[in-house]
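See structure below.
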Amino acid sequence: DIKNYIFSEDGTQLFYVSGGELYCYDISSGAEWCDDTSLGPEAGMLSISNGPNQMTWKDSSTLLISTFRGMIYQYNITP
């Protein structure tokens, strides 16, 4: 069940939260790492709770995500 998602700035990838984890779906980038496998958070970190407006781009390769538990995670996305 996907409730929150955001497109990459160039529209070639879709990032979404499911089951408390971040995933990437490749639309047309060809990036091998963007294959619907979990990108985190890493073990020991809080899972990501769903909430409105929780994802935004800091720049074209840095995704910020609110956990809605008092934390903001920063993901550095490689092209």
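Reckoned from all heavy atoms, side chains included, excluding hydrogens, waters and symmetry mates.
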Side-chain donor-acceptor contact under 3.5 Å, S66 with Q54 |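 Note: S66 and Q54 side chains miss the donor-acceptor criterion.
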First locate atom [atom1] of [X], then atom [atom2] of [Y], and finally report the distance between them rounded to the nearest 0.5 Å.
X: I72; Y: K58; atom1: CD1; atom2: NZ; answer: 11.0 Å
X: L22; Y: L63; atom1: CG; atom2: CG; answer: 6.5 Å
X: I77; Y: S60; atom1: CD1; atom2: OG; answer: 11.0 Å

What are the two closest heavy atoms between [X] and [Y], and how far apart are they?
X: D10; Y: S8; value: OD1-OG, 2.7 Å
X: V17; Y: N50; value: CG1-OD1, 3.5 Å
X: S47; Y: P41; value: CA-CG, 4.1 Å

Could you see if [X] belongs to whatever hydrophobic cluster contains [Y]? Use Ile, Leu, Val, Met, Phe, Trp, Tyr and a side-chain cutoff under 4.5 Å.
X: I27; Y: I2; result: yes
X: M71; Y: M55; result: yes
X: Y5; Y: Y23; result: yes

Might you work through the side chain to side chain contact (heavy atoms under 4.5 Å, CB included) test for S49 and T67, ending with a clear yes or no?
-> CA-CA 5 Å; S49 298; T67 64; over 6 Å; no
Apply side-chain contact (heavy atoms from CB on, under 4.5 Å) to D36 and list each qualifying residue two or more places apart in sequence or on a separate chain.
->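 Checked D36 against side-chain contact (heavy atoms from CB on, under 4.5 Å); matches are Y16, Y25.
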When you look at CD of Q74, are more than 12 heavy atoms from neighbouring residues, nucleotides or ligands closer to it than 6.0 Å?
-> yes
Near N53 CG, under 6.0 Å, is it more than 12 heavy atoms from other residues, nucleotides or ligands?
-> no
Using side-chain contact (heavy atoms from CB on, under 4.5 Å) as the criterion, point out the one residue from I6, I48, N4 that pairs with I65.
->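 The option that passes is I48.
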With sequence neighbours left out, which residue pairs that include part of residues 42-78 fulfil the ring pair (Phe, Tyr, Trp, His ring centres under 6.0 Å) condition?
->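 Every ring pair (Phe, Tyr, Trp, His ring centres under 6.0 Å) pair that includes a residue of residues 42-78, provided the two are not neighbours, is F15-W57.
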Evaluation steps, side chain to side chain contact (heavy atoms under 4.5 Å, CB included), between F7 and T12 = CA-CA 7 Å; F7 288 96; T12 62; over 6 Å; no
